[in-house]
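Read through the structure below, which is laid out as structure tokens, and then see the notes.
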Amino acid sequence: MSAPQPPAIEIRGLCTQFDDVVIHRDIDLDIEAGQMLGLVGGSGSGKTTLLREIVGLLAPNRGTVRLFGESVLDADPERRRMLRRRFGMLFQQGALFSALSVFDNIAFPLRELHTLDEGMIADLVLLKLGMVELEARHARLMPAELSGGMVKRVALARALSLEPELLVLDEPTAGLDPDRSENFVNLLKMLQKELGFTVVMVTHDPETLAGLATRLAVLADQRLIACGTAAEVAAVDHPFIHNFFSSGRAAAAIRQGGG
């Protein structure tokens, strides 16, 4: 009988403090492989900080964060590089390299491997462009020539370039109009269904939550105050949760988000 697989993300006793300001206090959270978790909370609740701690861009003051059973921060440099190949991150504004073309932005993580020739990299870049429903002709464009929706798609293609098991999204639909936001959510949902990667995302948008998240985690009062389906979270008696689910838009998350 095979041993059970560890969670994709395992957080225990996480505490974060900047000078005298406590951001997180004793946070425990498991995210199982294949889940799509929406992380919500008020301004300053530490959502993006937690994302950065998950991928090892920031170290908590105390506690542990493990990806696939291993610590990103405590692993030796080679293990850390191997772990980082197993996740992709989509930043809020896309964070494309402004001096590089679309092609070179997507190729960047592939070239960092130092194991692929340029012919294979070109094939992979075109494959990833197709996955996000862009065409080969878009590869020669510069970031300044892209619409907001195209920036998100190129950033997603780059995040998927190494075929990650975990995708970390910070406000994936921020700055998009409703139609482009819906299209992007549908694209992400389709890709997750096809590829089976785990998703953890920060978003303020109820439609994005309704379209993507199978579970919600709520940060408030420096703690994780709720985690579960949208219906389970909505039943928790807390002022932030009452306010968040008081709108008709957020109520859709209860109906569509597994609740």
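Along the sequence shown, residues carry numbers from 1. The analysis underlying the following values was restricted to heavy atoms, covering all of them including side chains, and did not include hydrogens, waters or symmetry mates.
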Completion exercise
Shortest non-hydrogen pair, Arg140 vs Ser101, comes out as O-CB, 4.3 Å
Fill in the blank from the handout: Taking every heavy atom of Leu58 against every heavy atom of Leu73, the minimum-distance pair comes out as O-CD1, 4.4 Å
Problem - Distance-minimising heavy-atom pair for Asn105 and Phe97 - result: OD1-N, 2.8 Å
Practice task
Evaluate side chain to side chain contact (heavy atoms under 4.5 Å, CB included) for Leu167 paired with Phe87, printing each intermediate quantity in order.
Solution key: CA-CA 6 Å; Leu167 193 60; Phe87 66 80; over 6 Å; no
Practice task
Could you tell me whether a side-chain N or O of Asn61 sits under 3.5 Å from a main-chain N or O of Gln17, the two making a donor and an acceptor?
Solution key: yes
Problem - Pi-cation contact, Phe197 with Arg86 (under 6.0 Å, within 45°) - result: no
Problem - Six-ring centre of Phe184, Arg153 cation under 6.0 angstrom, axis tolerance 45° - result: no
Problem - Donor-acceptor under 3.5 Å (Asp117 side chain, Gly119 main chain) - result: yes
Handout entry: Under 3.5 Å: donor-acceptor pair, side chain of Glu145, backbone of Met142
Key = yes
Exercise for the section: Group every Ile, Leu, Val, Met, Phe, Trp and Tyr by side-chain heavy-atom contacts under 4.5 Å, then state whether Leu209 and Val168 land in the same group. Expected result: no
Practice task
Verify the cluster assignment for Leu126 and Val132: are they in a single hydrophobic cluster under the rule of side-chain heavy atoms below 4.5 Å apart?
Solution key: yes
Problem - Asp104 side-chain N/O to Leu100 backbone N/O, donor-acceptor pair under 3.5 Å - result: no
Practice task
Could you walk me through whether Leu67 and Ile54 pass side chain to side chain contact (heavy atoms under 4.5 Å, CB included), step by step?
Solution key: CA-CA 8 Å; Leu67 299 185; Ile54 286 172; 3.9 Å; yes
Practice task
Examine Leu116 and Phe103 and state if one hydrophobic cluster contains both, with Ile, Leu, Val, Met, Phe, Trp and Tyr joined whenever side-chain heavy atoms are less than 4.5 Å apart.
Solution key: yes
Completion exercise
All heavy atoms of Thr208 vs all of Pro172, minimum pair found to be CG2-CG, 4.3 Å
Handout entry: CE on Met36 to CG on Leu216, rounded to 0.5 Å
Key = 12.0 Å
Practice task
Say whether, by atom type as modelled, one donor and one acceptor occur between the side chain of His138 and the main chain of Leu129 under 3.5 angstrom.
Solution key: no
Practice task
Indicate whether any N or O donor in one side chain lies under 3.5 Å from an N or O acceptor in the other, for His242 and Asp237.
Solution key: yes
Problem - Contact check, side chains of Leu219 and Ile27, non-hydrogen atoms, under 4.5 Å - result: yes
Handout entry: NZ/NE/NH1/NH2 to OD/OE distance under 4.0 Å, Glu70 and Arg80
Key = no
Practice task
State, with a plain yes or no, whether a side-chain heavy atom of Ser181 is found less than 4.5 Å away from one of Asp205.
Solution key: yes
Exercise for the section: Report yes if some heavy atom in the side chain of Val72 is under 4.5 Å from a heavy atom in the side chain of Val65; otherwise report no. Expected result: no
Practice task
For residues Thr214 and Leu37, determine if any side-chain heavy atom of one lies less than 4.5 Å from a side-chain heavy atom of the other.
Solution key: no
Exercise for the section: Would you indicate whether the side-chain heavy atoms of Cys227 and Leu29 approach each other to under 4.5 Å? Expected result: yes
Handout entry: Within 6.0 angstrom of Met82 CE, more than 12 heavy atoms from elsewhere
Key = no
Practice task
Taking only Lys NZ, Arg NE, NH1 and NH2, and the carboxylate oxygens of Asp or Glu, determine whether Arg12 and Glu10 approach each other closer than 4.0 Å.
Solution key: yes
Problem - salt_bridge(Asp170, Lys47) N-O dist < 4.0 Å - result: no
Practice task
Indicate yes or no: at least one non-hydrogen side-chain atom of Val125 is less than 4.5 angstrom from one of Lys128.
Solution key: no
Exercise for the section: Kindly give the heavy-atom pair with the smallest separation between Gly42 and Ser45, and that separation in Å. Expected result: O-OG, 2.7 Å
Exercise for the section: Please round to the nearest 0.5 Å and tell me the distance separating atom CZ of Phe91 and atom NZ of Lys152. Expected result: 12.0 Å
Practice task
For atom CD of Glu163, decide whether the heavy atoms of other residues, nucleotides or ligands shown that lie under 6.0 angstrom number more than 12.
Solution key: no
Completion exercise
Value for OG1 (Thr115) from CD1 (Ile121), rounded to nearest 0.5 Å, stands at 8.0 Å
Exercise for the section: Could you state whether Leu166 and Leu162 fall into the same hydrophobic cluster, counting links through intermediate Ile, Leu, Val, Met, Phe, Trp or Tyr residues with side-chain heavy atoms under 4.5 angstrom apart? Expected result: no
Fill in the blank from the handout: To the nearest 0.5 Å, atom CD1 of Ile9 lies from atom CG of Leu50 at 8.5 Å
Problem - Arg111, CZ: over 12 other non-hydrogen atoms inside 6.0 angstrom - result: yes
Practice task
Check the pair Thr16, Glu53 against side chain to side chain contact (heavy atoms under 4.5 Å, CB included), reporting the backbone distance first and the verdict last.
Solution key: CA-CA 9 Å; Thr16 310; Glu53 290 170 332; 2.6 Å; yes
Practice task
Could you check Met89 against Leu57 for side chain to side chain contact (heavy atoms under 4.5 Å, CB included), going step by step and ending with a plain yes or no?
Solution key: CA-CA 11 Å; Met89 186 160 186; Leu57 293 176; 4.3 Å; yes
Exercise for the section: Apply side-chain hydrogen bond (donor to acceptor under 3.5 Å, both in side chains) to the pair His204 and Glu171, showing each step before the final yes or no. Expected result: CA-CA 7 Å; His204 290 90; Glu171 295 287 359; 2.3 Å; yes
Exercise for the section: Indicate yes or no: does Glu194 engage Lys189 in a salt bridge with an N to O separation below 4.0 Å. Expected result: no
Practice task
Please round to the nearest 0.5 Å and tell me the distance separating atom NZ of Lys193 and atom CG of Leu188.
Solution key: 15.0 Å
Handout entry: Single-linkage hydrophobic cluster, 4.5 Å side-chain cutoff, Leu39 and Val218 together
Key = no
Problem - Sidechain-backbone polar pair: Asp19 side chain, Val21 backbone, donor-acceptor under 3.5 Å - result: no
Handout entry: 4.5 Å side-chain heavy-atom contact, Val200 and Leu169
Key = no
Practice task
Using a 4.5 Å cut-off on heavy atoms from C-beta on, say whether the side chain of Thr198 contacts that of Ile31.
Solution key: yes
Completion exercise
The reported gap from NE2 in His238 to CG in Asn243 (rounded to nearest 0.5 angstrom) is 10.0 Å
Practice task
Taking all heavy atoms of Ile23 and all of Gly46, pick out the closest pair and write down the distance.
Solution key: CG2-CA, 3.6 Å
